[in-house]
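Chain naming here is simple, since letters A, B, ... match the order of the sequence lines and numbering starts at 1 in each.
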Protein chains: 2
Amino acid sequence: MIRWQEMDATVERLLTAAREVFDEEGFRGATTRKIAARAGVNEVTLFRHFASKEELIGAALARGHAEAVARLGAAPLPEEPADLDAELRPYLRMVLQAFAGAGRGVRTALAEWEHLPAYHAWLLGPSEAVMDRLRRYLAAAARAGLVRPGADPDAVTHLLVAALFSHGLLPPMMPGRFPGGPAASFERCVDIILDGIRPEPEEVSR
Amino acid sequence: MIRWQEMDATVERLLTAAREVFDEEGFRGATTRKIAARAGVNEVTLFRHFASKEELIGAALARGHAEAVARLGAAPLPEEPADLDAELRPYLRMVLQAFAGAGRGVRTALAEWEHLPAYHAWLLGPSEAVMDRLRRYLAAAARAGLVRPGADPDAVTHLLVAALFSHGLLPPMMPGRFPGGPAASFERCVDIILDGIRPEPEEVSR
DNA sequence: GTATCATGCAAGCGCTTGCTTGCGCGTGAC
DNA sequence: GTCACGCGCAAGCAAGCGCTTGCATGATAC
């Protein structure tokens with residue numbers, strides 16, 4: 001009989017280690033020796049559970065993808081927008097946190113993008129999900145008259161994602177450029193975006 | 001007597017090749033054999049001109065940095081802002097073009113950031129210059145009453161850079177997400193930002 | 001004509017990479 | 001008790017890495 005408990009523990013440690021090392025060093029830099037060492041496991045054991053380094057990292061990324069989707073799903077946007085400020089901000093805050101947490105990995109993924117077509121779905125999935133959700137929400141908000149008619153939902157989505165993107169990735173590289181911390185800076189950016197898409201005062205009052 | 005003409009030609013080809021391969025493959029992936037092959041030069045010749053791979057890539061990045069600064073300097077912003085729309089848009093357009101052109105290299109640089117401290121100045125310099133210039137311009141515009149008082153120049157700068165950043169890097173990875181092309185999408189984002197920082201109509205008319 | 005110098009070519013060094021082989025140990029199942 | 005199974009350990013393989021050496025070649029300078 002298979003001792004699932006032990007095997008799972010080893011596989012688990014390997015997956016976690018693979019994810020961590022991949023995040024820090026990229027695919028090329030994530031050597032099987034480093035991964036095995038971080039997992040506290042012999043390198044041979046790695047190859048007993050996974051046919052190749054490619055398969056191991058693929059499995060690790062798939063698990064990370066699943067976790068990210070689950071985390072993002074826990075921050076839902078209402079289907080019927082009522083108050084942009086009150087609804088969008090908590091959602092964006094949660095997404096930014098998830099994004100910043102994965103920031104190191106996102107950066108390495110960006111770099112080796114063309115070399116890792118097999119992983120595109122896992123790497124891009126969460127971002128695509130956020131973009132789709134935001135777009136749908138903003139389109140509904142526009143229909144409900146909560147957004148100035150001229151503001152294209154696609155463009156607003158891009159702008160929000162751009163802010164998420166840069167505030168999730170850049171702070172470690174440009175410390176000092178985010179006075180008050182990345183979170184506060186992000187909040188100020190959202191202020192401007194929301195100001196830019198708010199309906200004219202006249203339209204609201206009348 | 002040294003034949004500068006030939007030697008320069010070889011060094012030139014090596015620098016160009018090093019830059020290209022580094023952009024595509026990163027530092028680890030840019031092997032001396034690949035660089036020499038792309039330059040159409042024997043690998044030994046590479047080491048006759050540069051003490052090490054690290055020095056060669058450093059020189060190539062320094063040249064790229066100089067070129068980028070020169071290109072960005074050709075798109076000046078006035079010291080005394082008069083018309084945000086008319087002045088900011090051409091500048092941003094030019095920066096976006098420069099950014100998109102360097103996009104591949106920026107992505108690899110992002111990934112290996114922590115591993116290449118020696119290159120930070122070369123890699124980050126142009127972006128820092130753009131941020132400083134934008135910040136100065138926006139602060140002056142705020143003083144001139146061209147920007148709504150609530151809009152923090154730092155936040156506006158961040159938002160503009162975020163839009164530049166994402167529109168320069170993401171299109172190759174998410175084709176189809178930029179209907180009408182990245183340039184048009186970027187323009188729409190700038191629309192929203194400018195709308196978000198414009199002074200209230202009442203303030204202007206009175 | 002001869003000296004000089006950039007370059008090409010063949011070969012190889014020591015090291016790291018992904019991955020394999022063979023063997024021995026300990027634990028749990030029956 | 002013994003058998004199966006997960007694992008560690010030592011060793012090694014072919015390939016690729018950065019970098020070096022020695023020698024031949026061809027163009028230029030004087």
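For the pair A/Glu55 CD and C/dG18 C1', the interatomic distance rounds to 14 Å; values are reported in whole Å. Nucleotide C/dG18 holds its C1' atom 14 Å from the NZ atom of A/Lys34, rounded to whole Å. Regarding A/Arg33, its CZ atom lies at a distance of 16 Å from the P atom of D/dG8, rounded to whole Å. Here C/dT16 presents its C1' atom at 14 Å from CD of A/Glu25, a figure rounded to the nearest Å. B/Leu46 places its CG atom 13 Å from the C1' atom of C/dT7, with the value rounded to the nearest Å. The nearest whole Å value for the distance from the CD atom in B/Glu43 to the P atom in C/dG8 is 12 Å. For the pair A/Arg48 CZ and C/dG18 P, the computed distance is 18 Å after rounding to whole Å. Atom-to-atom, CD of A/Glu54 to P of C/dT17 comes out at 18 Å; the value is rounded to the nearest Å.
The shortest distance between the side-chain N/O atoms of A/Thr10 and the OP1/OP2 oxygens of D/dC7 is below 4.0 Å. Dashed line: the shortest gap from a side-chain N or O of B/His49 to OP1 or OP2 of C/dT7 is under 4.0 Å. The side chain of A/Thr45 contributes no N or O atom lying less than 4.0 Å from OP1 or OP2 of D/dC7.
Separation of atoms CG (A/Leu138) and CZ (A/Arg143) is listed at 11.0 Å; rounding is to 0.5 Å.
Taking both residues in full, the closest heavy atoms of A/Thr32 and A/Lys53 are given as CG2-CB, 3.8 Å, listed atom of the first, atom of the second, then distance.
Between A/Tyr119 and A/Phe22, the ring planes lie perpendicular to each other; the angle is over 60°, past the 30° to 60° tilted range.
Here C/dT20 is the nucleotide among D/dC19, C/dT20, C/dG22 with the atom lying nearest to any side-chain atom of A/Phe47. Here the side chain of A/Asn42 is nearest to one of C/dT7, D/dC19, D/dG8, namely D/dG8.
The one candidate from B/Arg38, B/Arg33, B/Arg104, B/Lys34 that meets the salt bridge (Lys or Arg N to Asp or Glu O under 4.0 Å) condition with B/Glu25 is B/Lys34.
Judged by distance alone, with hydrogens and angles left aside, A/Arg28 brings no side-chain donor or acceptor close enough to the base of C/dG18 to form a pair under 3.5 Å.
Between A/Thr31 and A/Val44, the residue whose closest nucleotide on DNA chain C is further toward the 5' end is A/Thr31.
Defined by atom type and a distance below 3.5 Å, a donor-acceptor pair is present between the side-chain atoms of A/Arg63 and A/Thr16.
Within the 4.0 angstrom heavy-atom criterion, only backbone atoms of the sugar-phosphate kind lie near B/Val41; the bases stay farther away. Here A/Ala30 lies in heavy-atom contact (under 4.0 Å) with sugar-phosphate atoms only.
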